[in-house]
Amino acid sequence: MFTDEDGGPDDYAEEVLALVERIPPGRVMAYGDIAEYVGGGGPRQVGSVMSSWGGGVPWWRVVRADGRPASGHEVRALSHYAAEGTPMRPGSDRVDLGRARWNGEDGP
DNA sequence: GCAATGACTGGTA
DNA sequence: TTACCAGCCATTG
């Protein structure tokens, strides 16, 4: 059952999903960062994985390079940001990447 | 095999 | 700040 058969995530998707689950609350990662971290394809591939199986992971912690959440899900993401205390940019519904950007390490 | 699409990115206006 | 354009890369029809 290595084969995903009916829609199971591929190895690449598993890495992306595992990384997204690894993102601590109050932190976010950009699509390009994830693509670079897993070392595959590009940000578009990460987005494709999220649209297919992103519903099983905290997808709202994955944002675009400008700090804006995924298209069509901005409102839902904002609710999660407020609940987790994600640093937001005042005056805009965007995340403050300067503080919320997570590089994949817990320690300082 | 080719063309179109997409939860993207960076640069310029 | 937003808007438009060109580039990138795997998936889908």
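Since this is a predicted model, take the numbers as computed values, not measurements. Lettering of chains follows the sequences in order, A, B, ..., and the numbering in each one begins at 1.
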Problem set entry | Sidechain N-carboxylate O distance under 4.0 Å for A:R61, A:E84 | yes
Seminar exercise, completed: When A:R68 and A:P43 are each assigned the nearest nucleotide of DNA chain C, the 5'-most assignment goes to A:R68
Problem set entry | Atom-to-atom span, NE2 of A:H80 to P of B:dA7 - whole angstrom | 18 Å
Problem set entry | Of A:G42 and A:S92, the one whose closest DNA chain C nucleotide lies more 5' | A:S92
Problem set entry | Under 3.5 Å: donor-acceptor pair, side chain of A:Y81, backbone of A:G26 | no
Exercise. How long is the line joining CG of A:D93 and C1' of C:dT2, in whole Å?
Worked result: 14 Å
For this session: Please confirm whether any donor atom in the side chain of A:R44 sits under 3.5 Å from an acceptor in the base of C:dC9, or the reverse.
Result: no
Problem set entry | Nearest-angstrom distance from the residue atom OH of A:Y12 to C1' of C:dT11 | 13 Å
Problem set entry | Steps toward ring pair (Phe, Tyr, Trp, His ring centres under 6.0 Å) verdict (A:W59, A:H73) | CA-CA 10 Å; A:W59 53 263; A:H73 299 275; 5.4 Å; yes
Seminar exercise, completed: Winner on side-chain proximity to A:W59, out of B:dG10, B:dA7, B:dC8, is B:dA7
Problem set entry | Distance, rounded to the nearest Å, where A:W53 contributes CH2 and B:dA7 contributes P | 14 Å
For this session: Whole angstrom is fine here: how far is it from CE in A:M50 over to P in C:dC9?
Result: 21 Å
Problem set entry | Whole-Å distance separating the CG atom of A:D10 from the P atom of C:dT11 | 7 Å
For this session: Decide, yes or no, whether a salt bridge links A:R68 with A:D93 under the criterion of side-chain N to carboxylate O below 4.0 Å.
Result: no
Problem set entry | Touch class at under 4.0 angstrom, heavy-atom based, for A:G72 against every strand present | nothing
Problem set entry | Value in whole Å for how far the C1' atom of B:dG6 lies from NE2 of A:H73 | 12 Å
Exercise. Between atom CZ in A:R76 and atom P in B:dA7, what is the gap in whole Å?
Worked result: 15 Å
